[in-house]
Amino acid sequence: MITWTTSEIYVFITVIVMILLKLWSVWHVALKAGANREGRIIFLGLLSGLSLFGLTAKLYISHVLS
């Protein structure tokens, strides 16, 4: 079982907030730039995939080190 310290929880929450801000800002800029729907979805899909990979790697490393 993974036991997280309070600092790890704060970092995890901060990372989630940063990802949400990143996704929102990309969507907002794409709307203002007049990007088509497919372009926005592809770009957001790439960002979401990379973000999910990073979070999964963090969880895996925490699990292995515990």
Side-chain angles (χ1 to χ4, degrees):
M1 182 170 156
I2 300 173
T3 305
W4 288 12
T5 62
T6 54
S7 61
E8 286 179 322
I9 293 170
Y10 291 144
V11 167
F12 189 73
I13 291 170
T14 304
V15 168
I16 295 295
V17 170
M18 287 177 10
I19 289 170
L20 291 174
L21 179 64
K22 175 176 56 173
L23 292 174
W24 175 82
S25 64
V26 166
W27 189 259
H28 182 72
V29 168
L31 285 177
K32 292 293 181 181
N36 62 4
R37 185 172 183 224
E38 291 82 14
R40 288 191 305 257
I41 290 173
I42 289 170
F43 195 64
L44 284 177
L46 288 173
L47 285 178
S48 299
L50 291 173
S51 300
L52 183 62
F53 174 76
L55 287 175
T56 307
K58 190 248 184 283
L59 291 172
Y60 177 74
I61 291 169
S62 295
H63 177 70
V64 169
L65 291 178
S66 66

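- Closest of all the heavy-atom pairs between T56 and L52 is OG1-O, 2.7 Å.
- Under a hydrophobic-cluster definition in which Ile, Leu, Val, Met, Phe, Trp and Tyr are linked whenever side-chain heavy atoms come within less than 4.5 Å, directly or via other members, F53 and I16 are assigned to different clusters.
- Residue V29 is not grouped with residue M18 when hydrophobic side chains (ILVMFWY) are merged at heavy-atom distances under 4.5 angstrom, including chains of intermediate members.
- Following chains of ILVMFWY side-chain contacts shorter than 4.5 Å, one cannot reach L31 starting from W24, and the two form parts of different hydrophobic clusters.
- A single hydrophobic cluster is seen to contain both L55 and L20, as judged by linkage of ILVMFWY side chains at heavy-atom distances under 4.5 Å, directly or through other members.
- No chain of hydrophobic side-chain contacts below 4.5 Å, direct or via other Ile, Leu, Val, Met, Phe, Trp or Tyr residues, connects L50 to I19.
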